[in-house]
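In what follows, chains are A, B, ... by sequence order, proteins preceding strands, each numbered from 1.
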Amino acid sequence: MEYRFNEIEKKWQDQWKADKVYQVSNESAKPKYYVLDMFPYPSGAGLHVGHPLGYIASDIYSRYKRLKGFNVLHPMGFDSFGLPAEQYALETGQHPAETTKKNIATFKSQLDKIGFCYDWEREVQTSDPNYYQWTQWIFLQLFNSYFCNTEKKALPISQLIKKYETKGALPKTGEPIPGKHFTAEEWKAYSKQQQEEILMNRRLAFSKYGEVNWCEALGTVLANDEVVNGVSERGGHPVEKKKMRQWYLRITAYADRLLEGLETVEFSESMKEMQRNWIGKSQGAEMDFVIKGNDKKLRVYTTRPDTIFGVDFMVVAPEHELVAAITSAEQKEDIDKYLQYVKSRSERERLAEAKTITGCFTGAYAINPFDGKEIPIWISEYVLAGYGTGAIMAVPCGDQRDFAFAKHFNIPITNIIGDHYTGEEANATKEAILQNSGFLNGLLMKDAIGIAVDKIEELGIGTRKVNYRMRDAGFSRQRYWGEPFPIIWRDGIAIPLGAEELPLELPHVDKYGPGPEGEGPLANITEWVNTPAGRRETSTMPGYAGSSWYFLRYMDPHNGSTFCDRKASDYWNQVDLYIGGTEHAVGHLLYSRMWTKVLFDLGLIGFDEPFRKLVNQGMITGKSYFFNVVVTDDLADRKGGANKLGSFVKDSPSNVLRRFRFGHQYVDATGKLTENNLRKYNSEHPNDQVTDDIDWLNNGEENYIILKEESEKMSKTKFNVDNPDDLCEKYGADTFRMYEMFLGPVEASKPWDTKGIEGVHRFLRKLWRLFNDDLKGRVWTDEKPTDAELKILHRTIKKIEEDTEKFSFNTAVSAFMICINDLFDVKCHKKEVLEKILILMVPYAPHIAEELWHQLGNEGSILDATYPTFNPALLVESTKEYPISINGKVRANLSLALDLDQKQVEEIVLQHEVVQKWLEGKDPKKIIYVKNKMINVVV
RNA sequence: GCCCAUGUGGCGGAAUUGGUAGACGCAGCAGACUCAAAAUCUGCCAUUCGCAAGGGUGUGAAGGUUCGAUUCCUUUCGUGGGCACCA
């Protein structure tokens with residue numbers, strides 16, 4: 001009987017489905033374990049071999065935990081709202097709901113072929129009204145909450161209103177500032193609009209006019225992390241700033257808790273570092289400078305108050321509110337000209353020409369409060385309006401940007417760090433002893449920081465201040481295919497829908513193009529937009545809305561009365577293991593952490609970090625073949641216009657290249673592309689004509705060029721994709737699963753190589769032959785295993801268990817191979833050994849394990865078998881084959897009993913002929929004997 | 001520029017409280033079985049000197065600590081990823 005994997009896999013997949021073996025209950029006496037994959041966006045391209053890497057890893061771990069006696073939740077679903085489906089709709093007129101449905105069906109059938117143990121009854125789709133009803137509901141919770149700075153947590157906005165009504169909002173110390181502070185009486189006297197405006201400034205989901213990243217080509221607003229180097233991540237279109245009313249999440253309120261929470265979770269160091277970077281906490285001080293001849297004060301933010309005596313000029317952002325007020329009459333013309341120039345520059349130009357130094361003197365001077373020095377105030381675009389106070393004190397001897405600015409405009413530089421400053425460049429050290437620094441003279445800079453702040457606070461001219469680089473997250477998109485906001489606008493007031501009005505379903509539209517004045521497509525449906533209660537919000541939520549809480553819905557997916565029953569979330573609690581790519585380091589992972597914290601604060605769930613442990617799978621790269629042609633066009637202008645085949649890349653600061661890629665069917669193993677194959681390509685792809693203006697080589701028979709090779713992320717446009725379906729068809733799902741694991745560590749990126757899969761397939765066939773002979777049929781027996789055979793078994797149990805626990809699946813696969821090779825060598829076909837090995841294999845190759853399990857005469861599914869226990873007694877050895885080194889180099893081997901002491905070992909070793917030869921009659925200096933490891937003779 | 005990873009045969013990779021470098025697999029070479037093929041099996045496979053026995057070199061590079069270093073320390077180079085006027 002031969003190994004007919006296609007039949008076997010089909011048979012058991014059907015059987016498992018019929019028996020609902022993967023159905024998970026929320027009621028169980030077993031301990032729980034929650035394994036989660038980052039759910040996919042169901043793109044039209046389907047799965048390629050890179051996708052399942054993480055899914056296979058999580059599947060192995062889930063099945064392992066199940067065998068170990070856990071009640072394992074291992075669900076799957078689809079992040080089915082998003083731009084690509086809408087882009088596709090724009091191009092083809094197909095409704096996103098239809099394409100999404102089709103794509104999900106493809107994904108599911110592909111996933112099922114690989115044999116994953118998902119409980120599909122718990123599937124979630126973010127674009128399903130039964131799901132997004134609760135996304136909208138959670139949005140309302142965010143809208144109806146504020147962040148209490150005293151308790152450091154979210155509280156219902158009703159509590160804030162009560163506080164305003166009874167106590168107002170008054171400062172703890174000092175005079176109330178009009179517009180910011182008010183008494184209870186004043187509050188009551190405010191109009192509804194005024195009250196709502198004040199409340200809006202505290203809500204966790206709030207709306208305001210803000211500068212947003214507006215992308216003309218996509219007709220929408222993009223989040224900061226969707227903008228890369230001033231162009232959109234998708235499509236590379238230019239992005240500019242535009243003022244629009246937008247929704248935001250007040251994630252900045254949670255900056256500190258997001259930072260602290262990182263200490264309690266198992267994420268990789270680099271992942272934590274990325275998040276810390278993104279949050280960008282910095283400690284410093286804000287201080288006010290008196291402006292000469294003006295009653296206004298200039299407030300700056302600095303992390304280095306110790307350098308206060310090195311301030312040679314001030315720089316404020318061009319957008320700063322004081323600019324007009326402080327500009328002198330003589331400088332007004334220059335300043336206006338500069339402001340005009342700044343306004344004319346797009347975000348992209350500013351970023352691209354970051355090194356160009358520009359600026360303009362305002363004619364005003366600030367006064368250094370400590371030595372009375374007059375400090376000129378400049379404006380420059382290198383100071384950002386959105387960070388700190390939008391103004392800095394420039395210390396050219398300590399900051400390279402300030403230094404460059406001073407040199408460019410010939411501003412004299414004060415040196416406060418002695419020899420540490422060379423005059424050639426700035427030195428940002430904190431280790432120097434301060435000079436020319438008044439009361440700070442003689443202090444080490446890092447000690448002076450605290451002393452300077454104390455002094456500033458004492459004089460009442462400033463305070464300690466923490467700043468964050470992170471901004472509040474933009475939460476609206478001028479798009480169709482997303483969750484509609486449960487908000488109605490009336491008289492400038494945002495009125496939330498009641499929970500009973502949810503879901504607010506996405507209405508059908510005929511056209512997917514943008515609405516008027518930058519609004520989304522929904523604005524075109526007047527009968528939907530205009531309601532008796534007011535006008536509906538026409539933007540939709542961003543892609544990350546649905547994915548910020550999906551892990552909770554899996555726990556209680558069919559609940560019609562709440563997003564997730566508290567009993568269910570208390571039972572399943574945190575995700576124990578989360579597997580996914582690093583690309584979500586600062587997007588999805590931060591947002592879902594924030595949502596979890598809000599839900600926790602509001603008492604809706606019992607934990608405030610969603611993911612206890614995160615494992616990042618690496619990328620499987622495919623090999624691309626390409627050649628480059630230098631083009632003269634400006635990269636930026638052509639980037640968006642590249643056709644499907646040729647893409648533009650920059651291989652040096654000056655060279656813009658057009659890269660032509662080819663699938664491997666046109667290229668031989670050495671990377672050779674012949675002129676004939678190029679012609680063939682061009683005739684098969686009439687829309688993607690490749691230039692034939694090439695310097696051909698000739699080998700006497702035909703023209704050819706050698707293409708460059710590169711391992712790149714798999715993508716249809718790069719012609720380097722392999723499809724898991726084909727491989728499952730050809731080798732079986734078990735082989736495919738084990739091979740993906742065998743490629744290397746889960747976390748590592750590695751190139752895909754289809755050839756290697758043969759080896760894993762051979763191994764499974766060899767396993768099969770331990771049970772069945774192609775000609776003779778059954779060969780397994782009921783005989784008692786020998787000690788040697790048990791040793792092989794228990795060594796394997798130990799190794800597989802250890803490796804699986806630490807996610808070292810590649811070495812586990814190799815341990816299986818070693819085990820089967822060893823059993824073959826000793827011709828072991830004994831049921832007692834073989835069936836234990838089958839159980840070990842269930843997580844890795846469930847189909848073949850189940851089939852052989854039944855061939856051995858077992859009843860019931862192997863999926864619920866008991867994991868074998870390792871018996872250390874079987875592995876105890878009485879002797880050890882020691883390597884004997886002379887001066888650290890191994891020269892011989894010697895088998896010795898383990899219970900010998902140092903003295904006995906020395907005697908035996910010195911008798912050894914190889915040792916004698918190396919000693920050349922002399923006495924050894926020293927003999928090092930490490931029990932059960934090695935022996936080293938020092939000559 | 002800053003931060004975080006990472007560097008081992010032709011290839012993917014193994015080896016951790018410092019103790020036999022190259023497990024396992026791919027590719028390659030030689031052979032067995034076969035009319036033949038597939039499948040399977042056996043042997044070789046870092047490099048260099050040598051018929052062999054045996055020796056030299058070798059984990060990006062250079063130093064250091066140690067009886068002993070892929071592993072620890074210092075310097076340096078390459079690759080990948082992240083951040084980047086954040087004061």
Asks: In whole angstrom, give me the gap between the C1' atoms of C11(B) and C4(B).
Replies: 28 Å
Asks: Looking only at the aromatic ring of each residue, does the gap between the centers of W752(A) and Y739(A) stay below 6.0 angstrom?
Replies: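 Centroid separation for Y739(A) and W752(A): below 6.0 Å.
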Asks: Can you work out whether W918(A) or D399(A) has the more 5'-proximal nearest nucleotide on RNA chain B?
Replies: W918(A)
Asks: Quick check for you: among C26(B), C24(B), C83(B), whose closest atom lies nearest to any side-chain atom of D753(A)?
Replies: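 For D753(A), the side-chain atoms sit closest to C26(B).
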Asks: Among the nucleotides C24(B), A15(B), G19(B), which one has an atom lying closest to any side-chain atom of K933(A)?
Replies: G19(B)
Asks: Can you check the distance between G9(B) and G25(B), where both ends of the measurement are the C1' atom (answer in whole Å)?
Replies: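 Result for the C1' pair: 14 Å, nearest Å.
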Asks: Between G12(B), A87(B), A23(B), which nucleotide has the shortest distance from any of its atoms to the side chain of F742(A)?
Replies: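 Of the candidates, G12(B) comes closest.
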Asks: Using a heavy-atom cut-off of under 4.0 Å over every strand shown, decide if S885(A) touches base, sugar-phosphate, or nothing.
Replies: nothing
Asks: Going 5' to 3' along nucleotides 64-73 of chain B, which nucleotides have protein heavy atoms under 4.0 Å from the base (write B), which only from the sugar-phosphate (write S), and which from neither (write -)?
Replies: ---BS-----
Asks: Using a 4.0 Å heavy-atom cut-off, does S268(A) contact any base of the nucleic acid, only the sugar-phosphate backbone, or nothing at all?
Replies: nothing
Asks: Calculate the interatomic distance between D803(A) atom CG and G13(B) atom C1'; express it in whole Å.
Replies: 14 Å
Asks: Take atom CZ of F763(A) and atom P of A39(B), then tell me their distance rounded to the nearest Å.
Replies: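 The distance from CZ of F763(A) to P of A39(B) comes to 19 Å, rounded to the nearest Å.
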Asks: Pick the C1' atom in U59(B) and in U8(B), then give their distance to the nearest Å.
Replies: 4 Å
Asks: Choose from G19(B), A87(B), G25(B) the nucleotide whose nearest atom is closest to any side-chain atom of Y301(A).
Replies: A87(B)
Asks: Which one is paired to C83(B), where only Watson-Crick or G-U wobble pairs with both distances under 3.5 angstrom count?
Replies: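 The base-pairing partner of C83(B), which may sit in any strand shown, is G1(B).
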Asks: Indicate, with a heavy-atom threshold strictly under 4.0 Å, whether E273(A) touches base, sugar-phosphate, or nothing.
Replies: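 The residue E273(A) makes sugar-phosphate contact but no base contact.
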Asks: Quiz question: by atom type and distance under 3.5 Å, do the side chains of S282(A) and Y301(A) form a donor-acceptor pair?
Replies: yes
Asks: Just by distance, do the side chain of E286(A) and the backbone of R299(A) share a donor-acceptor pair under 3.5 Å?
Replies: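 Flag not set: sc E286(A) to bb R299(A) has no pair under 3.5 Å.
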Asks: Could you tell me the separation between the NZ atom of K750(A) and the C1' atom of G7(B), rounded to a whole number of Å?
Replies: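 About 17 Å, once rounded to whole Å.
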Asks: By nearest heavy atom, map Y882(A) and N821(A) onto RNA chain B; which one lands nearer the 5' end?
Replies: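 Checking each residue's closest nucleotide, the 5'-ward one belongs to Y882(A).
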Asks: Taking the six-membered ring for Trp and the single ring otherwise, decide whether the centroids of Y731(A) and F736(A) are under 6.0 Å apart.
Replies: no
Asks: Closest approach to the side chain of P751(A), judged atom by atom: which nucleotide of A27(B), G12(B), A23(B) is it?
Replies: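 In terms of side-chain proximity for P751(A), the closest of A27(B), G12(B), A23(B) is G12(B).
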Asks: Provide, to the nearest angstrom, the distance between the CG atom belonging to L770(A) and the P atom belonging to C41(B).
Replies: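 Spelled out: CG on L770(A) to P on C41(B) is 11 Å.
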Asks: Do the side-chain N or O atoms of Y739(A) get closer than 4.0 angstrom to the phosphate oxygens (OP1, OP2) of G25(B)?
Replies: no
Asks: Report the base-pairing partner of U71(B) (Watson-Crick or G-U wobble, both distances below 3.5 angstrom), or none.
Replies: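 For U71(B), the partner nucleotide comes out as none, under the 3.5 Å rule.
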Asks: So R276(A), base contact, sugar-phosphate only, or nothing? Heavy-atom distance under 4.0 Å.
Replies: nothing
Asks: Can you tell me if N427(A) uses its side chain to pair, donor with acceptor, with the backbone of G398(A) under 3.5 Å?
Replies: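 Side chain of N427(A) to backbone of G398(A): no pair is present.
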Asks: In whole Å, I'd like the distance from the CD atom of E269(A) to the C1' atom of C4(B).
Replies: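 Atom-to-atom, E269(A) to C4(B), this comes out as 8 Å.
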Asks: Check D256(A) with K281(A), please: is the shortest side-chain N to carboxylate O separation under 4.0 Å?
Replies: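 Salt bridge: yes.
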Asks: Both distances below 3.5 Å, Watson-Crick or wobble geometry, any strand: find the nucleotide opposite U66(B).
Replies: none
Asks: Any strand is fair game: report the nucleotide pairing with G9(B) by Watson-Crick or G-U wobble, both distances under 3.5 Å, or none.
Replies: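 Looking at the geometry, G9(B) pairs with no nucleotide.
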Asks: Between P on A21(B) and NZ on K889(A), what's the gap in Å once rounded to a whole number?
Replies: 8 Å
Asks: Where the side chain of S814(A) is concerned, which of U40(B), A14(B), A23(B) is the nearest nucleotide?
Replies: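 For the S814(A) side chain, the nearest candidate turns out to be A23(B).
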Asks: Can K903(A) and D901(A) be counted as an ion pair, charged N to O under 4.0 angstrom?
Replies: no
Asks: C1' atom, A21(B) versus A14(B): distance in rounded Å?
Replies: 10 Å
Asks: Within the distance-only criterion (no hydrogens, no angle test), does the side chain of Q902(A) pair as donor or acceptor with the backbone N or O of I927(A) below 3.5 angstrom?
Replies: yes
Asks: Under 4.0 Å between a side-chain N or O of R762(A) and OP1 or OP2 of G25(B)?
Replies: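 Result: no.
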Asks: Given the P atoms of C29(B) and A38(B), what is the spacing between them in whole Å?
Replies: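 One P to the other, the span is 14 Å.
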Asks: Rounding to an integer number of Å, can you tell me how far M817(A) CE sits from A14(B) P?
Replies: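 Interatomic distance, CE of M817(A) to P of A14(B): 14 Å.
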Asks: Using whole Å, what does the distance between atom C1' of nucleotide A87(B) and atom CD of E381(A) come to?
Replies: 16 Å
Asks: With respect to the phosphate group of G54(B), does any side-chain polar atom (N or O) of R891(A) fall under 4.0 Å of OP1 or OP2?
Replies: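 For G54(B), OP1/OP2 do not have a side-chain N/O of R891(A) under 4.0 Å.
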Asks: Mark yes or no for whether H420(A), through its side chain, and A432(A), through its backbone, hold a donor-acceptor pair below 3.5 Å.
Replies: no
Asks: For C72(B) and U6(B), measure between their P atoms and round to the nearest Å.
Replies: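 The same atom, P, in both gives a distance of 10 Å.
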Asks: Say you pick atom C1' in G78(B) and the same atom in A30(B); how far apart are they, in whole Å?
Replies: 39 Å
Asks: When the C1' atoms of C24(B) and C83(B) are considered, how many whole Å apart are they?
Replies: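 Result for the C1' pair: 39 Å, nearest Å.
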Asks: Who does U17(B) pair with, Watson-Crick or G-U, both distances under 3.5 Å?
Replies: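 U17(B) is unpaired by these criteria.
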Asks: In terms of side-chain heavy atoms of I392(A), which of G19(B), G13(B), A87(B) is nearest?
Replies: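 In terms of side-chain proximity for I392(A), the closest of G19(B), G13(B), A87(B) is A87(B).
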Asks: Under 4.0 angstrom, heavy atoms only, what part of the nucleic acid is K766(A) near: base, sugar-phosphate, or nothing?
Replies: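 Sugar-phosphate only.
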Asks: Give none if C29(B) has no partner; otherwise give the nucleotide forming a Watson-Crick or G-U wobble pair with it, both distances under 3.5 Å.
Replies: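 G43(B) - that is the nucleotide pairing with C29(B), both distances being under 3.5 Å.
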Asks: Going by atom types alone, do E381(A) and T358(A) pair a side-chain donor with an acceptor below 3.5 Å?
Replies: yes
Asks: Syn or anti for G10(B), with syn set at within 90° of 0?
Replies: anti
Asks: Distance-only, no hydrogens or angles: does the N936(A) side chain make a donor-acceptor pair with backbone N or O of Y929(A) under 3.5 Å?
Replies: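 Judged by distance alone, no pair lies under 3.5 Å.
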